[in-house]
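This report refers to the structure that appears directly beneath it.
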Protein chains: 2
Amino acid sequence: MPKETFIKLKKEKKKQITDAFLREFAVKTYDESSISMVVKQLGIAKGSVYQYFNDKLDLFMYLVNESVAVKSKYTESVTREDYPDFWAFFSALYEHGFRFDDENPLHSHFLHNLTQNLNSPSIKHLYNELLSQVVTGFEKMVEYEVEKGLFRSDIPVKTQGFFLYKLGISIQEQLEVSGVINPRESIEKKQPVYFGKKNDLMQVVADYIKLAKPAFDKN
Amino acid sequence: MPKETFIKLKKEKKKQITDAFLREFAVKTYDESSISMVVKQLGIAKGSVYQYFNDKLDLFMYLVNESVAVKSKYTESVTREDYPDFWAFFSALYEHGFRFDDENPLHSHFLHNLTQNLNSPSIKHLYNELLSQVVTGFEKMVEYEVEKGLFRSDIPVKTQGFFLYKLGISIQEQLEVSGVINPRESIEKKQPVYFGKKNDLMQVVADYIKLAKPAFDKN
DNA sequence: GATAAATGTGACCATGTAGTCATATTTATT
DNA sequence: AATAAATATGACTACATGGTCACATTTATC
């Protein structure tokens with residue numbers, strides 16, 4: 001948690017500092033990211049950062065929580081009940097995710113880099129926690145579908161949940177590998193991750209759904 | 001490539017050095033892995049390492065090539081034609097992979113860590129190359145199946161290939177997340193990655209195949 | 001056994017970082 | 001205006017690493 005001093009900061013400055021660090025952590029690994037560099041860019045003293053946060057990890061956690069909170073505002077309105085099947089729901093999550101990306105490029109870049117780049121040794125613990133949360137979330141969804149008789153019941157929920165999680169990761173990763181998106185470039189141009197690529201994104205989502213549907217659906 | 005000096009080394013010493021570095025790189029990230037530490041363990045001078053290899057990356061590449069070569073000896077005998085369908089072939093790859101693991105614990109641990117832990121910033125380039133090779137391999141397999149009319153033709157080969165690759169990763173990762181295997185512990189006990197866990201491994205493989213089969217198979 | 005070639009060595013350099021702290025500066029309170 | 005409280009500062013510490021190189025030691029050659 002940030003210290004009092006940071007919370008009491010003027011909105012302007014708080015945003016400047018947050019953005020600068022988001023930018024750094026969005027492009028590099030946790031370990032690679034350098035506080036020394038960012039303060040140089042910001043034109044503030046390194047000591048100030050330690051007036052705001054206990055240490056590097058504290059600062060990082062703040063960025064994670066902030067970003068997750070902002071994204072949640074976009075996705076929490078999406079509920080399974082409003083969609084005819086899981087896949088329409090799944091697709092809708094990406095639609096809303098796209099809006100989040102468009103309106104909060106920095107937070108989006110940060111989260112994108114986090115999910116693709118999780119295993120910095122120093123934050124392995126944090127990674128495992130986040131992973132476990134996300135995977136558990138997917139398992140809950142699978143459970144729901146199985147109970148409703150919509151997903152297969154002959155495969156362990158854990159297997160289905162984990163694979164579903166991997167499906168989400170794969171979509172992002174494939175877009176990157178195939179060159180459709182280039183986060184490194186787009187962040188420099190101050191553009192969102194999926195800038196002008198909504199169709200490509202939704203197409204890949206559709207492809208993966210078409211592929212995965214028969215694996216999960218009963219019959 | 002290792003220097004002449006390393007190649008001319010006595011088998012014994014060569015193995016000692018290789019093993020020590022495999023052990024280090026099997027437990028840590030590329031960046032985390034410390035040459036200084038390993039030479040201390042080996043009781044040799046740091047300068048010697050630079051008599052054997054050009055630099056850290058050269059040393060690492062040697063370990064990668066070595067390990068891949070050793071593993072290939074186990075898997076190259078497995079050919080698609082010898083199996084009734086892709087999934088039997090896929091499963092057989094794991095069977096032979098298990099033997100590789102059992103007979104070459106260190107190389108196996110190294111490769112296992114490599115695939116789960118690829119994104120050290122300094123080797124991003126190497127990672128992308130390896131990834132691209134592996135993914136292309138899977139795409140070839142998919143193409144073969146599509147041509148034979150065994151895999152669906154309504155999904156881009158790239159999507160299927162990439163997802164198949166992710167399937168392989170998922171199997172390993174899930175075994176680790178669920179605690180069935182614990183590479184960190186087993187390497188310390190000088191045990192292979194899947195020591196005594198052949199049944200669990202093949203069960204998860206079977207689960208994933210059962211799950212994924214309908215996604216890929218034509219009807 | 002003497003000379004030459006090949007190896008081994010470890011102190012040392014350059015580099016980079018997270019985090020500290022005494023001090024200076026700014027802001028709030030009386 | 002004077003005092004007190006809150007912030008900002010940046011030189012400095014402690015640490016760790018990859019890589020170098022002049023020199024010592026071992027091995028091969030004559």
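Quick caveat: nothing in here was measured; it's all calculated off a predicted structure. Lettering of chains follows the sequences in order, A, B, ..., and the numbering in each one begins at 1.
Between the side chain of D101(B) and the backbone N or O of P192(B) there is no donor-acceptor pair closer than 3.5 Å.
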Task: Steps toward side chain to side chain contact (heavy atoms under 4.5 Å, CB included) verdict (Q160(A), F216(A)) - done: CA-CA 7 Å; Q160(A) 293 188 61; F216(A) 291 88; 3.5 Å; yes

Task: Test log, rule side chain to side chain contact (heavy atoms under 4.5 Å, CB included), inputs F110(A) and I187(A) - done: CA-CA 10 Å; F110(A) 174 76; I187(A) 197 173; over 6 Å; no

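Below 30°, between 30° and 60°, or above 60°: for Y194(B) and F98(B) the angle between ring planes is between 30° and 60°, a tilted geometry. Below 30°, between 30° and 60°, or above 60°: for F25(B) and F21(B) the angle between ring planes is between 30° and 60°, a tilted geometry.
For the pair I35(A) CD1 and dT17(C) C1', the computed distance is 9 Å after rounding to whole Å. Rounded to a whole Å, the CZ atom of F53(B) is 15 Å from the P atom of dT20(D). I123(A) has its CD1 atom 14 Å from the P atom of dA18(C), to the nearest Å. If you measure from atom CZ of F60(A) to atom C1' of dA18(C), you get 16 Å, rounded to the nearest angstrom. The interatomic distance linking L59(A) (CG) with dT17(C) (P) rounds to 15 Å, in whole Å. Between the CE atom of M37(A) and the P atom of dG10(D) there is a distance of 17 Å, given to the nearest Å. Between the NZ atom of K56(B) and the P atom of dT17(D) there is a distance of 9 Å, given to the nearest Å. Put simply, CG on D58(B) is 12 Å from P on dT20(D), counting in whole angstrom units.
In this model, the phosphate group of dG16(C) is not approached by any side-chain N or O of S36(A) to a distance below 4.0 Å at OP1 or OP2. The phosphate of dT20(D) (OP1 or OP2) has no side-chain N or O of Y50(B) nearer than 4.0 angstrom.
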Identify each atom pair where a protein N or O and an N or O of nucleotides 6-9 of chain D are less than 3.5 Å apart, giving names and distance.
from: dT7(D); atom 1: OP1; to: K8(A); atom 2: NZ; distance (Å): 2.9
from: dA8(D); atom 1: OP1; to: K13(A); atom 2: NZ; distance (Å): 3.3
from: dA8(D); atom 1: OP2; to: Y52(A); atom 2: OH; distance (Å): 3.1
from: dA8(D); atom 1: N7; to: Q51(A); atom 2: NE2; distance (Å): 3.3
from: dT9(D); atom 1: OP2; to: A45(A); atom 2: N; distance (Å): 3.2
from: dT9(D); atom 1: OP2; to: S48(A); atom 2: OG; distance (Å): 3.1

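One finds a salt bridge joining K28(B) and E24(B) here, because a Lys/Arg side-chain nitrogen approaches an Asp/Glu carboxylate oxygen to under 4.0 Å.
Relative to the six-membered ring of F53(B), K3(B) misses at least one condition, a distance below 6.0 Å or an angle of at most 45° to the axis.
Of the residues near DNA chain D, D31(B) and K10(B), the one whose nearest nucleotide (by heavy atom distance) lies more toward the 5' end is D31(B).
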